[in-house]
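Since the structure comes first, as structure tokens, the remarks are kept for the end.
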Amino acid sequence: MTAPLPKQSTIAVWGGETGHERYERATQVPVVHSVSFGYADLDSWQAVALGREPGHIYSRNSNPTVRAFEEKIRDLERAQAATSFSSGMAAISATLFTFLRPGDRLVSIKDSYGGTNKLFGEFLPSFGIEATLCDTSDFAQVEAEFERGCRLLYLESPTNPTVKVVDIERLGKAAHAAGALVAVDNTFATPINQNPLQLGADLVLHSATKYLGGHADALGGAACGSQTLIDKLQHFREINGAALSPMDAYSLLRGMKTLALRIERQNQSALTIARWLQAQRCVEQVNYPGLETHPHHAVARRQMRGFGGMLSFSVRGGLEAIRLILPRLRYAHRAANLGCVETVVGPPSVTSHVECSAEERAAAGIPEGLLRYSTGIEDVSDLIADLQHALSAIS
Ligand SMILES: *Cc1c(COP(=O)(O)O)cnc(C)c1O
């Protein structure tokens, strides 16, 4: 009898942690800072260099600490293979530059991460690659675009900062029928709440900087998928050079051990806070996929195991009201990141969409009076009391 597949919380702890030769029998993954790995005889050196035997040659290509990180995210995403990058943006740009060629067409959504949106609008066109961005909530429009040809369907769900949900299974099927590859940025959901490969995607991308690391102290990125696709990405990464550093890989690995615990808490707290915000008179709109009022709540229920820690809301009085609210929050960093143990808040104009102009944000459907709220692991009653105190400035 084979052992049942371990659950996500078990993989978060044990994935990538075993099966390596360890320094002095250390139980923890060591941080191997060495740039190169030495071989006394030419034959073993060659065998490793040509990939005939396992091992490492040079840390831009592979490194033992980085490898452990890649194996943990690979197992959490139930993928055949994974590779890593120096940041989430490095993972995303490597994917675009590995799988797209001049004349190709990419189909995506308007609500992708600000940096990704910049790649679509500013960098891809100069390589002769057309990026068509569809209304995120209009799945039929996305499907209709495939008829004009599509090499890559690029999705993100839930989205940043309006927390829209995209039907990955439906759009993925239609894209495959048109012969396209399907890539999904799973940063917001994390593999605890959603596994895009099991919904039919070919590639899953992560900004490990956010929930995977969870402590806002290390930058990193990851891509997971079939061995064939990951080999191509890995080859580009080796030459492009955006390698994850061993120290950051270690910080990310350490953070990932508590991923399931953190996400379970953040799922619960975010839903409680979203419901509380909905009942406040000074709050105009609350965006959270766990709310029954969310336009794609049914899709979220189908493809997610939890609705995540990210929500956003708009208050009466727009940006001026936000100016009054922000300084009154006690348990929140007012900063540009998300997904860490502390609560983090900020408007899109200085966070997710800082790279965009006000016009570009408006075109993407992001109101200037929106506040993005990344729920931390603090006690939810303290977070609500804090919000109540802050919102009293405008109510
Ligand atoms: C932060 C983020 C990125 C970019 O990741 P970096 O690690 O900052 O480069 C990409 N996608 C999403 C959804 C993000 O939140």
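Heads up: numbering here begins at 1 and tracks the sequence. Counting starts at 1 for both ligands and their atoms, following the listed order.
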N/O donor-acceptor pairs under 3.5 Å from side chains in residues 26-35, not counting sequence neighbours:
residue: Gln28; atom: OE1; partner: Lys257; partner atom: NZ; Å: 2.7
residue: Ser34; atom: OG; partner: Ser36; partner atom: O; Å: 2.6

Check: [X] ring centroid to [Y] ring centroid under 6.0 Å:
X      : Y      : result
Phe127 : Phe97  : yes
His297 : Phe307 : yes
Phe120 : Tyr154 : yes

How far is atom 5 (O) of ligand 1 from its nearest protein heavy atom, and which residue and atom name does that atom have? Ser207 OG, 2.9 Å
What's in the same ILVMFWY side-chain cluster as Val13, cut-off under 4.5 Å, chained through other members? Trp14
Does Thr116, backbone or side chain, put an N or O under 3.5 Å from an N or O of ligand 1? no
Distance-only N or O hit between ligand 1 and Leu338, under 3.5 Å: no
Counting heavy atoms only, which part of Ile92 comes closer than 4.0 Å to ligand 1: side chain, backbone, both or neither? side chain
Counting each atom of ligand 1 from 1 as listed, which ones have a heavy atom of [X] under 4.0 Å away?
X      : result
Gly88  : 5 (O), 6 (P), 7 (O), 9 (O)
Asn160 : 15 (O)
Glu156 : 13 (C)

I'd like to know if Arg74 and Glu77 make a salt bridge, using a cut-off of under 4.0 Å between side-chain N and carboxylate O. no
